[in-house]
Structures are given as C-alpha cells and as structure tokens.
Amino acid sequence: MAEVRGGGESGDARPELDEDLSEVSDFLHAIGQQIKLLREQAGLTQKQFAKEVGYTESLIGAVEQGKRTPQRELLESSERLLDGRGLLIAAADDIEKAKAKARVRHPEWFRNYATLEASALEHHDWSAYLAPGLLQTEEYARAVFRMRQPLLAEEKVEIRVAARMARQEVLARWPRAVFSWVIDESVLNRRLGGPEVHRRQLERFLEIGETRGMTLQVMPMDRAENAGMDGSFILITPKGRPQTGYMEVQRNGRLITDAEEVRFLNVRYGTLRAQAHSPQESLSLIEKMLGER
C-alpha cells in the first residue's frame with residue numbers, strides 16, 4: 001500500500017470522534033502547578049530554572065501552565081534540583097499514561113501521521129505557506145485555526161491548539177532526532193494573527209535556529225529557481241521503519257510510503273536546502289526582520 005489519504009494539519013476533512021480532554025488537561029495542569037510551586041520555593045525564576053535543567057524558558061512556562069506534557073528527563077532533573085521529595089518521580093509513570101490519553105486530541109484521520117512523527121528519528125520539512133506545525137507558537141496556531149473556513153467552534157479551536165502544542169514535545173526529547181526546516185521567506189513576511197503574534201513567531205524561529213541539533217533555513221523570494229513550487233511536504237524517518245513522506249492540499253493529507261515517491265521528495269528537499277540561505281544567513285535575516293518591527 002503506497003499511501004494513506006485523509007486530513008492533516010491544514011484541514012478537517014473527515015468526521016471526528018468525540019474528544020474529552022478534561023481528565024488529561026486537569027492532570028497536566030496539576031503537575032505543572034507542583035513544578036511551579038517547588039521552583040518558587042527554591043527562589044528560581046522560570047529563566048533561571050530553565051537554564052539549570054537545560055530546557056527553554058518558553059517550554060518551562062508551557063509545562064507549568066499544563067499546556068505541554070513534561071518529559072521524564074525534565075521531571076528527574078526537576079526532582080534533583082528542587083528537592084521534590086519523590087513527588088515528581090512518582091508522577092512520571094502517570095505522565096506516560098496521560099501522554100497516551102492526549103493522543104485522542106488529534107482527529108482520527110490524523111493519528112497515523114502523528115504516531116509516526118512522535119517516534120521519528122529524522123524530520124525534514126519544507127513549508128511554503130505557513131509556519132511548520134512543530135514550530136508554531138500557541139498564539140500563531142490559534143490564529144491559524146480561528147481563520148479556518150468553514151469556521152471551527154471555539155472549543156474545537158482550543159482542542160486543535162492543545163494538540164499542536166503537545167506534538168511539539170518531540171523537540172525536547174533526548175536523544176534528539178535530526179530536525180531541519182526550509183521555510184519560504186513569504187511565511188516570514190505573512191503577519192497572520194497580527195503584529196505581536198507575528199513578532200513572537202519570528203522569535204520562535206530564531207530560538208529554534210539557534211538550538212543545537214536543529215537547522216532552519218529560509219528560501220529567499222528573489223531566487224530565480226525554487227524546487228518547492230509544487231507545495232509543502234515533510235519527510236520523516238520513524239524508528240524501525242523506512243522514510244515516509246507527508247503532504248497536504250486543501251483539507252486532504254497524504255502519507256507516502258512508496259519508495260520511488262519518497263526518493264523524489266528527498267531529491268527535491270536536497271535541492272531546496274542548496275537553493276535556500278545558509279542557516280547563519282537565515283538567522284541574520286530573521287534578526288533583521290525583528291529589528292525592523
């Protein structure tokens with residue numbers, strides 16, 4: 001079987017199962033509040049704590065608010081640093097169960113891809129129109145889902161946002177997978193959600209591009225040739241499985257397993273990386289854009 005069709009990040013193409021997030025979200029919020037209380041008792045700011053445990057300040061903030069599922073490594077580091085008296089270690093197994101429950105936040109038609117993504121050893125993404133889902137800030141993701149046509153109910157928007165933020169846990173997993181993104185310059189100029197949302201999204205790109213083991217490149221709009229004009233796509237290598245492609249168009253997603261089609265996407269992605277700005281040039285461009293805002 002060469003492919004599986006269905007909706008994906010950009011659309012709600014098929015009916016969905018009812019989703020109840022209350023149990024999972026309440027539990028994660030409680031764990032986050034425990035970490036926050038222990039941190040404050042230790043006299044540490046979020047920035048100081050993030051530096052000590054080796055995570056970003058934004059991720060720590062999201063964990064404390066119950067918007068991100070803490071990795072076992074973060075719980076263990078927090079336990080040692082904050083003297084949690086075994087509280088956070090004891091929660092680790094329950095966190096794993098909560099993460100499994102959190103997967104129901106994805107529509108049924110998206111779960112196959114989400115499962116592959118969660119175990120991927122490599123993740124390469126060409127984004128021609130939007131910020132990649134794994135790199136979107138919460139505000140940007142909310143803006144994207146709120147502008148969806150036909151309109152989504154506010155409750156469904158929040159479910160989608162929570163699911164997208166939960167997927168980003170793969171960025172903090174260790175050992176870290178190989179990540180690379182090539183993003184069209186038009187994405188950086190498109191002010192979805194307004195000026196402040198746009199600024200924070202640019203800052204997010206900068207943060208990712210400066211993270212060890214992650215490569216972000218910008219495809220300039222003045223290039224005479226662009227190998228990605230057919231649209232966005234993703235290449236992932238799940239653990240123990242061959243590399244797989246994924247692409248979307250107008251509320252339809254396509255998971256590609258045919259070896260020849262995957263090879264074509266590999267050739268195209270390699271060309272895109274050669275045509276794009278270097279990683280350092282890309283970061284300099286983003287810094288310049290931020291300075292002009």
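Note that the structure is a prediction, hence the values are computed from the model and not measured. The first residue of the sequence shown is numbered 1, and numbering continues consecutively from there.
- Using a cut-off of 4.0 Å between Lys/Arg side-chain N and Asp/Glu carboxylate O, Glu79 and Arg85 are scored as not salt-bridged.
- In summary, Arg204 and Glu207 engage in a salt bridge, as defined by a charged side-chain N under 4.0 Å from a carboxylate O.
- Contact check for Tyr55 versus Val63: no side-chain heavy atoms found under the 4.5 Å cut-off.
- Ion pair Arg80/Glu52 not flagged as a salt bridge, since none of the NZ, NE, NH1 or NH2 atoms sits closer than 4.0 Å to an Asp/Glu carboxylate oxygen.
- Criterion: ILVMFWY side-chain heavy atoms under 4.5 Å apart, direct or through other members. Under it, Leu130 and Met147 are part of a common hydrophobic cluster.
- In this structure, Glu57 does not pair ionically with Lys51, as no charged nitrogen and carboxylate oxygen lie closer than 4.0 Å.
- Annotation: side chain of Ile183 is not in contact with side chain of Asp125 (no heavy-atom distance under 4.5 Å).
- Here the options are Gln34, Gln33, Gln46, the test is side chain to side chain donor-acceptor pair (under 3.5 Å), and the partner is Glu64; only Gln46 passes.
- In this structure, Ile286 and Leu188 have side chains that are in contact, with non-hydrogen atoms separated by less than 4.5 Å.
- Taking the side chain as every heavy atom from C-beta outward, Val262 and Thr244 never approach each other to under 4.5 Å.
- Although no hydrogens or angles enter the test, the distance criterion places a donor-acceptor pair under 3.5 Å between the side chain of Gln275 and the main chain of Ala227.
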Donor-acceptor pairs under 3.5 angstrom involving side-chain atoms of residues 228-243: please list them, not counting sequence neighbours.
residue	atom	partner	partner atom	Å
Ser232	OG	Ala128	N	2.9
Gln243	OE1	Asn266	ND2	2.4

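- Not one N or O on the side chain of Arg146 forms a donor-acceptor pair closer than 3.5 Å with the backbone of Val157.
- Salt bridge status for Glu117 with Arg167: present, with a side-chain N to carboxylate O gap under 4.0 Å.
- Ion pairing of Glu203 with Arg199 is present here, as a side-chain N (NZ or NE/NH1/NH2) and a carboxylate O approach within less than 4.0 Å.
- The side chain to side chain contact (heavy atoms under 4.5 Å, CB included) search around Leu285 returns Glu185, Val218, His277, Met289, not counting sequence neighbours.
- Counting heavy atoms from C-beta on, the side chains of Leu74 and Ser78 come closer than 4.5 Å.
- The neighbour count for Glu225 CD, taken as heavy atoms of other residues, nucleotides or ligands under 6.0 Å away, does not exceed 12.
- Using a 4.5 Å cut-off on side-chain heavy atoms (C-beta onward), Leu44 and Leu82 make contact.
- Taking a cutoff of 4.0 Å between a charged side-chain nitrogen and a carboxylate oxygen, Arg142 and Glu158 qualify as a salt bridge.
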- [ ] Please report the C-alpha distance between Glu248 and Arg254 in whole Å, then the side-chain angles of each, then the deciding distance to 0.1 Å, and finally whether the salt bridge (charged side-chain N to carboxylate O under 4.0 Å, His left out) criterion is met.
- [x] CA-CA 6 Å; Glu248 296 179 5; Arg254 184 181 174 211; over 6 Å; no
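- A 4.5 Å side-chain heavy-atom check between Leu255 and Met247 finds every atom pair outside the cut-off.
- In this structure the side chain of Ile256 reaches within 4.5 angstrom of the side chain of Leu265, judged on heavy atoms.
- A side-chain contact (heavy atoms from CB on, under 4.5 Å) with Ile35 is found for exactly one of Ile60, Val53, Leu75, namely Leu75.
- Under the side chain to side chain donor-acceptor pair (under 3.5 Å) criterion, Ser186 pairs with Asp184, not counting sequence neighbours.
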